[in-house]
Amino acid sequence: MKYLIEKSGLTATVTNIQWERIFLKLYVRLDYRDNKKKYDKLEYYAVDAFGKAGVKFQVIPTDMKNQYILRVNVTNNGTNQCIPKGIYRVCVCEGENVLAECVTDMGIVSSLPDMSRGFLYSELASSYNVNFYIEDGSVELPFRMCVANARNAMLTFPHNLSFPYRIKTAFVESFGNPRVIFRKLYKLHAVLAGKRREKTVLFLTEQSDTVKSNLKAVSDRMIERGLDKEYRILYSARIYTDRKPRMKKLAEWLKLMKSLGRSGIIFMDDHAPVLDWLKLRDDTTVIQLWHAGAGFKSSGYSRWGHMYCPPPQSCHRQYRYGISGSKRIAPFFSEVWGINDELVLPTGMPRMDEYLDEENRRRKTEELYEKYPMCKGKKVILFAPTYRGN
């Protein structure tokens, strides 16, 4: 990168900072000195002390001349990762040339601490912090953004436990954690499967003991098309939170590691907690067939900072693709999963295909009229609210 700040005749000033859930918005005003030429294709980056760009901002024009909104999802810097920790300056660039570094408007200097934001996760034991401040030693009020992680020691390690119990817990977590063994088993099965993994499909759910909804629809369609002769199809359906006898639970885990290791393509229909800590091989394609048909529900990274939100590294980061009901709601799904917009394919919900089948509609209509003859000749409205709880 070439720094042409002195020659560019351009000044960039941060005039306001706003948050929209996990989206940071910086309001920037450009000023041109000495009527120098104006630049048409400007890009904005957050650059750390080593000259590495932590994120490229989305640029949104405003009604005000030479004023723009720089927008970024702090949980996804474009590589399906949170913005890395570090101290950043906001640079205005044209190609490889840095034309300006953002300074701070005097009117917001005292409000910078209030504009900073901390996002709690891991049941409030950790925090991802985005803080704004002015770098000392200059009269130009250089704008700086500091990204850092913090842990709450009071919540991370309960102090009401006895000292021997704490030592035992620390030892088990360090040396006797079964996840270490499961990770090795997964890798072993992946090696033993060899090239057969490419033609092995796993339908995985950790929320139900049966394969249903979108998973069943895709599975049935594959079999209907004869793809079960080309691909080996596996199924894994269990309720992650179920309390079962220890040996039965162990047998489930061993079977799951074998299925995951043998599979090169994995379809899911919801969050799979096992993938929060088990990193799949890079040659594995994970496709999220989320059962939610609309993006109205606040979940995943869209509710970062609230109880039970995902940590920076979670199951969602491993999706190669996800699906949505339409193009317009696809961005809400990418926000939930913390992945790039282009990875969400607006295919519609697979389970809805049967509603579009004319023969199925005719048959179901006849069944409806037979059971409820009062519906004949009338418009029928179905009210089906979501039922939750016990």
**Q** Same hydrophobic cluster for Ile60 and Leu42, using side-chain heavy-atom links shorter than 4.5 Å among ILVMFWY?
**A** no
**Q** With hydrophobic residues grouped by side-chain heavy-atom distances under 4.5 Å, do Met145 and Val47 end up in a single group?
**A** no
**Q** Only pairs at least two apart or in different chains count here, so list each side chain to side chain donor-acceptor pair (under 3.5 Å) that has a residue in residues 252-267.
**A** Lys244-Glu252
**Q** Is Ile266 reachable from Leu188 through a run of hydrophobic residues whose side-chain heavy atoms are each under 4.5 Å from the next?
**A** no
**Q** State, without any angle test, whether Tyr27 and Gln18 hold a side-chain donor-acceptor pair at a distance under 3.5 Å.
**A** yes
**Q** With sequence neighbours excluded, what pairs up with Glu96 under the salt bridge (Lys or Arg N to Asp or Glu O under 4.0 Å) test?
**A** none
**Q** Do Tyr240 side-chain atoms and Ser208 backbone N/O form a donor-acceptor pair below 3.5 Å?
**A** no
**Q** Do Met222 and Val201 have side chains that approach each other closer than 4.5 Å (heavy atoms only, starting at C-beta)?
**A** yes
**Q** List the atom of Val28, the atom of Ala12, and the distance in Å for their closest heavy-atom pair.
**A** CG1-CB, 4.1 Å
**Q** Please name the residue in the list Ser314, Pro310, Cys309 that meets the side chain to side chain contact (heavy atoms under 4.5 Å, CB included) test with Tyr121.
**A** Cys309
**Q** When you compare the side chains of Thr104 and Tyr133, does any donor N or O come within less than 3.5 Å of an acceptor on the partner?
**A** no
**Q** Indicate the atoms forming the closest heavy-atom contact of Tyr301 with Glu335, along with that distance.
**A** CB-O, 3.4 Å
**Q** With no hydrogens and no angle check, is any side-chain donor or acceptor of Asn76 less than 3.5 Å from a backbone partner on Ile339?
**A** yes
**Q** Looking at every heavy atom in both His316 and Tyr319, which two are closest together, and how far apart are they?
**A** ND1-OH, 2.8 Å
**Q** Could you list the residues that satisfy salt bridge (Lys or Arg N to Asp or Glu O under 4.0 Å) with Arg183, not counting sequence neighbours?
**A** none
**Q** Ignoring hydrogens and geometry, is there a side-chain-to-backbone donor-acceptor pair from Ser116 to Phe132 under 3.5 Å?
**A** yes
**Q** Using modelled atom types and a 3.5 Å cut-off, is there a donor and acceptor pairing between side-chain atoms of Glu140 and backbone atoms of Val103?
**A** no
**Q** Taking the side chain as every heavy atom from C-beta outward, state whether His271 and Asp276 have any atom pair closer than 4.5 Å.
**A** yes
**Q** Less than 4.0 Å between a side-chain N and a carboxylate O, is that true for Glu366 and Arg362?
**A** yes
**Q** Using a 4.5 Å cut-off on heavy atoms from C-beta on, say whether the side chain of Phe143 contacts that of Val109.
**A** no
**Q** Is it the case that atom CE in Met64 sees more than 12 heavy atoms from other parts of the structure closer than 6.0 Å?
**A** no
**Q** I need the single residue from Val72, Ile17, Ile69 that forms a side chain to side chain contact (heavy atoms under 4.5 Å, CB included) with Leu26. Which is it?
**A** Ile17
**Q** Which value, rounded to the nearest 0.5 Å, describes the distance between Cys102 atom SG and Arg29 atom CZ?
**A** 11.0 Å
**Q** Return the minimal non-hydrogen interatomic distance between Asp283 and Arg320, and the atom names on each side.
**A** C-NH2, 4.5 Å
**Q** Looking only at side-chain N and O atoms, does Tyr45 offer a donor or acceptor that is under 3.5 Å from a partner on Glu43?
**A** yes
**Q** Looking at every heavy atom in both Met349 and Ala292, which two are closest together, and how far apart are they?
**A** SD-O, 3.8 Å
**Q** For the pair Tyr128 (side chain) and Ala150 (backbone), establish whether a donor and an acceptor sit closer than 3.5 Å, ignoring hydrogens and angles.
**A** no
**Q** Are any side-chain N or O atoms of Thr13 and backbone N or O atoms of Thr15, one a donor and one an acceptor, separated by less than 3.5 Å?
**A** no
**Q** Counting distance only, does the side-chain N/O of Arg317 pair as donor-acceptor with the main-chain N or O of Asn80 below 3.5 Å?
**A** yes
**Q** Indicate the atoms forming the closest heavy-atom contact of Ala190 with Arg281, along with that distance.
**A** CB-CD, 3.6 Å
**Q** Check for a donor-acceptor pair, side chain of Asn340 on one end and backbone N or O of Leu343 on the other, with a separation under 3.5 Å.
**A** no
**Q** Okay, side chain of Asp269, backbone of His291: is any donor-acceptor separation there less than 3.5 Å?
**A** no
**Q** Determine, using the 4.5 Å side-chain heavy-atom cutoff (strictly less than), whether Tyr68 and Trp19 are members of one ILVMFWY cluster.
**A** yes
**Q** Less than 4.5 Å apart, any side-chain heavy atom of Phe203 and any of Ile233?
**A** yes
**Q** Can you tell me if Arg232 and Thr200 form a side-chain donor-acceptor pair at under 3.5 Å?
**A** yes
**Q** Is Asp220 salt-bridged to Lys216, going by a charged N under 4.0 Å from an acidic O?
**A** yes
**Q** Without hydrogens or angle criteria, can the side chains of Asn66 and Asp31 be said to hold a donor-acceptor pair below 3.5 Å?
**A** no
**Q** For Tyr235 and Thr205, which I'm curious about, is there any donor-acceptor pair between the side chains at under 3.5 Å?
**A** no
